[in-house]
Each structure stands twice: as structure tokens, then as C-alpha cells.
Amino acid sequence: MQAYSYFCPTRIEMGTGKSLELPAILQSLGLGSSILLVSDPGVIRAGLVAPIQSALEAGGFSVTLFDALSQNPRDTECLAGAALFRETSAELVVAVGGGSAMDTGKAIALIGKNGGTPAEYADGHLPYHNIAPIVCVPTTAGTGSEVTRSAVITEAATHRKMTLKHAALRPTLAVLDPALTYSVPPAVTAATGVDALVHAIEGYTCRVTHPISQAFGAQAMRKIVTALPMAYQDGHDEQARYEMLEGSLLAGLCFGSADVAAVHCLAEALGGLYDTPHGVANAVFLPHVLRFNAQEDTTLHARLARYMNFASDADPDELACEKLIAGIETWTAQLNIPKLRDLPGVREEDFSRIVELSVRNGSTPSNVRTVTAEDYLRILQEAYRA
């Protein structure tokens, strides 16, 4: 019999308009009055940060804005944010944005209180403790970082994607307001939505999964496959935006206490080398990794096909797996996800480096099928020829 544990102390507030209730929620929690507000320039330009900052200041909070971060956040940016956290005597971090803002916010809450560098935590040289309270307000439906124990940070000097992972990195509070996602452009909606689906798939299938993670993952898959094409076609479809934000949350709860696997290992290597948007990188590898993994466990992958309505209960498992891969390919094509060979900068000469970074990724051992450097290379080549 399997032994497992599940822990998620994050308070979750979900609903349209919830972001403007943030001051009252923070006052009730008593986390402090001095806030470092972490966001990125695109979210600020979209007008999503100013109303939240104004509401916080009107509620009596002292707010300092930090927005010097990239779509794939760097360790150097985290260190700059941590320095500002200390400079302003901040007591908590409020991150408003997508995965880059939330992951940067987690790293700042850790380093701002304890010093060190992201690499020293990712490589196990410093302990995770005494972390400032983290509040996440996602503006995309994708990463699920608002409820996970992880932050993915790029080491600027080496292009290595590092994962800071510890239960203490789970946010104290997650405020999910679908209205903040209405203005997300279609291409970003598609990329972040595919990222959420991959979280659900890999959290469900990985070697360290368990029944609680799988329950969240199954529901996330059902929601995302239906809602994402609708949100992509009409960003103001309120029901689709709600379903996507909830699906992303459920996917975060799925993989947040399990793990991701080979799709993410390849995607993070690609993002580290070329700054490829994370969701796009996941999308180009997903069908090819599914084909590879389905050979290991046909029954498991047939179940995924049925959750996502690509196959019926009457289909034999082998046929259901074929329908899963074909269905994912058609679904991502609907979202106009580019092919690997069309992504800026990607070159076959770099495949050995991508393989090296993928093998070194801490989630490689979690893949449901043992994956070697040779396997990663074959998957890369297959994706490039697709």
C-alpha cells in the first residue's frame, strides 16, 4: 500500500472582484503593514497593478513596487528585489502577475529575510526557514504558483533553470480574480493554459503522484481542455476565464505536492537557453513525451484520454492512447502553438546542451517512464521534425 502526505496551508480566495478585497483580507490576517509589491512591466502597463496598489495604500499599507523582472526570472533580479525588500523594511511580499512575478516574489521572500543566492537554496547549501509571508494574485491561468512549494529561477551566468522547492515557500494567501485575466492576449492565454494542462498531466502521471494529487489533476484536465479554446477565442468570456483560473489552481494543487516530469525538463532547458515562453515550450514537447510515456503504461494514459474526452470508455486502451496524442496535437493546433523548429533561436546544434540540461533537471527521475539522454535526444529530434 502506498504511503503519502499532502500539505497545503495556503488560504484560497476565488471570485470576480476578489483582488480589491485584498486590503481587508490582509488586515484580518495581520501579516504586517509594509509590502513589497512584485509585478512585471507588462502587467503594470495593462493597468492591473495600479488599482490593487491604490486599494492597499488606501487601506493603510505602505507599498513599494518592484518590477525589474523578466518572463523567465533571473537570479540577479531576485537578488535586486531582496535588497529592496531589506532596504524598505518590508514585512511581506505581494506578487501580482503570472509565474514570473509569483516565483520571483517567493525567492525575494526567502532571500530578503535570510540572504544567500537562489543557487545556494536550489543546490541544498542553505536551509529554507524564516520566510516572509507570500501573497499571490495571479493574472494568468497557467503556473498554479499561487499554491505550490516551488519557484523556478534562471541562473543568468549558466542559463540553468533552478527549482527552489520547499513547503515553506507555499504562499500564505492566494487571491484569484478572473477579471484580472480578461485582458491577457490570446497567445499568452494559449501558452499559459497549456502549461496548466501539462501540470495536471504530469502531476497525475509522475512516479511520486498519489490519489489526492490525481483527484485534483483529473478535474483540472476536464476543465482546461474545454475552457481554454473558448478563452482563447474570446478573452471576455467570463465563464471560460473563471474555468481556466480554477483549472490552473487545481493543476497547481495537483503537481504542487507531487512533481512535474520530462515535458517540463525539456521546456525548462529550452527556456533557459532561448528565453522561450514556458507554456509554448511545454506545448511543443507534450505530444511527443506522451507518445514516449504511453508505451510504459497504456492503461494510465488511456485514462487521461477519457478525462479529456479524446476517447470514450468503449475504446480499447491502445486506441485511447492514440486518440490522446492525436487529440492533443489537434487541440494545440487550434491554439496556434508554433512548432519547435519555428521558435526563435532554436538550432539542432544546441540539442546536446538541451539534453544535458534536461537530464540534470531534478524532475527527470519523476517521469513515469525512465528517460535517458538518448531518449531526450530522440524526443527532441521528433519534435523538431513534426
Side-chain angles (χ1 to χ4, degrees), residues 159 161 190-191 193-207 221 225 259-305 308 310-311 317-361 363-386:
H159 302 288
K161 285 260 191 170
V194 175
D195 186 24
L197 182 68
V198 177
H199 288 154
I201 290 172
E202 295 201 309
Y204 188 100
T205 61
C206 72
R207 290 182 174 179
M221 285 182 250
V225 165
D259 201 0
V260 288
V263 176
H264 268 77
C265 297
L266 285 161
E268 289 174 5
L270 210 67
L273 284 175
Y274 308 115
D275 219 21
T276 306
H278 181 61
V280 172
N282 272 318
V284 300
F285 293 122
L286 177 59
H288 308 287
V289 173
L290 284 173
R291 184 177 289 109
F292 173 81
N293 283 341
Q295 297 171 42
E296 178 76 13
D297 193 332
T298 303
T299 301
L300 176 67
H301 287 80
R303 204 181 307 151
L304 302 185
M308 293 183 269
F310 294 136
D317 286 352
E318 292 78 7
L319 178 59
C321 287
E322 291 174 19
K323 288 185 173 182
L324 169 66
I325 295 156
I328 288 290
E329 288 176 331
T330 301
W331 186 76
T332 52
Q334 271 186 289
L335 302 170
N336 292 313
I337 299 291
K339 299 290 188 182
L340 177 61
R341 64 179 177 271
D342 297 324
L343 296 179
V346 176
R347 307 177 307 163
E348 289 185 87
E349 305 93 274
D350 296 336
F351 281 8
S352 60
R353 179 64 174 146
I354 296 170
V355 167
E356 177 194 347
L357 290 168
S358 300
V359 169
R360 288 174 56 194
N361 192 298
S363 294
T364 284
S366 294
N367 196 61
V368 66
R369 179 181 178 186
T370 298
V371 54
T372 65
E374 291 74 22
D375 295 324
Y376 272 131
L377 181 59
R378 278 193 293 272
I379 291 167
L380 263 171
Q381 291 168 335
E382 182 182 306
Y384 197 76
R385 291 193 300 265

Using a 4.5 Å cut-off on heavy atoms from C-beta on, say whether the side chain of W331 contacts that of M308. no
Atom OG1 of T205 and atom CZ of R303: how far apart are they, to the nearest 0.5 Å? 10.5 Å
T372 side-chain N/O to D375 backbone N/O, donor-acceptor pair under 3.5 Å: yes
Which of L290, V289, V260 passes side chain to side chain contact (heavy atoms under 4.5 Å, CB included) with I201? It is L290
Would E322 and R291 count as a salt bridge (Lys or Arg N to Asp or Glu O under 4.0 Å) here? Give the steps. CA-CA 8 Å; E322 291 174 19; R291 184 177 289 109; over 6 Å; no
Would you say the rings of F351 and Y376 are close, in the sense that their centroids are separated by under 6.0 Å? no
Can you find a pair of side-chain heavy atoms, one from V368 and one from L300, that are under 4.5 Å apart? yes
Under 4.0 Å between a side-chain nitrogen and a carboxylate oxygen: does that hold for D342 and K339? no
Nearest-0.5 Å distance that lies between atom CD in E329 and atom CD in Q334: 13.0 Å
To the nearest 0.5 Å, what is the distance between CD on E202 and OG on S366? 9.5 Å
Check whether any side-chain heavy atom of E374 lies under 4.5 Å from a side-chain heavy atom of R378, and answer yes or no. yes
Assess whether side chain to side chain donor-acceptor pair (under 3.5 Å) is satisfied between R207 and T370, documenting all intermediate values. CA-CA 10 Å; R207 290 182 174 179; T370 298; 2.8 Å; yes
On a heavy-atom basis, which atom in P287 and which in A283 lie closest, and how many Å separate them? CD-O, 3.5 Å
Would you compute the distance between atom CG of N367 and atom CZ of F292 and round it to the nearest 0.5 angstrom? 6.5 Å
Just verifying a value: how many Å separate L335 CG and L197 CG, rounded to the nearest 0.5 Å? 10.0 Å
Is it the case that T298 and D317 place a side-chain donor and acceptor less than 3.5 Å from each other? no
Would you name the heavy atoms of L340 and L380 that are closest together and state the gap between them? CD2-O, 3.8 Å
Taking the side chain as every heavy atom from C-beta outward, state whether H288 and I325 have any atom pair closer than 4.5 Å. no
Is any side-chain heavy atom of V198 closer than 4.5 Å to a side-chain heavy atom of F285? no
If I compare all heavy atoms of S352 with all of E349, which pair ends up nearest, and what's the gap? OG-O, 4.2 Å
Extract all donor-acceptor atom pairs below 3.5 Å that involve side chains of residues 265-279 and protein atoms in other chains or at least two apart in sequence.
{"residue": "E268", "atom": "OE1", "partner": "N361", "partner atom": "ND2", "Å": "2.7"}
{"residue": "Y274", "atom": "OH", "partner": "D350", "partner atom": "OD2", "Å": "2.7"}
{"residue": "D275", "atom": "OD1", "partner": "N72", "partner atom": "ND2", "Å": "2.8"}
{"residue": "D275", "atom": "OD1", "partner": "R74", "partner atom": "NH1", "Å": "3.3"}
{"residue": "H278", "atom": "NE2", "partner": "D195", "partner atom": "OD1", "Å": "3.3"}
{"residue": "H278", "atom": "NE2", "partner": "H264", "partner atom": "NE2", "Å": "3.2"}
{"residue": "H278", "atom": "NE2", "partner": "N282", "partner atom": "ND2", "Å": "3.1"}

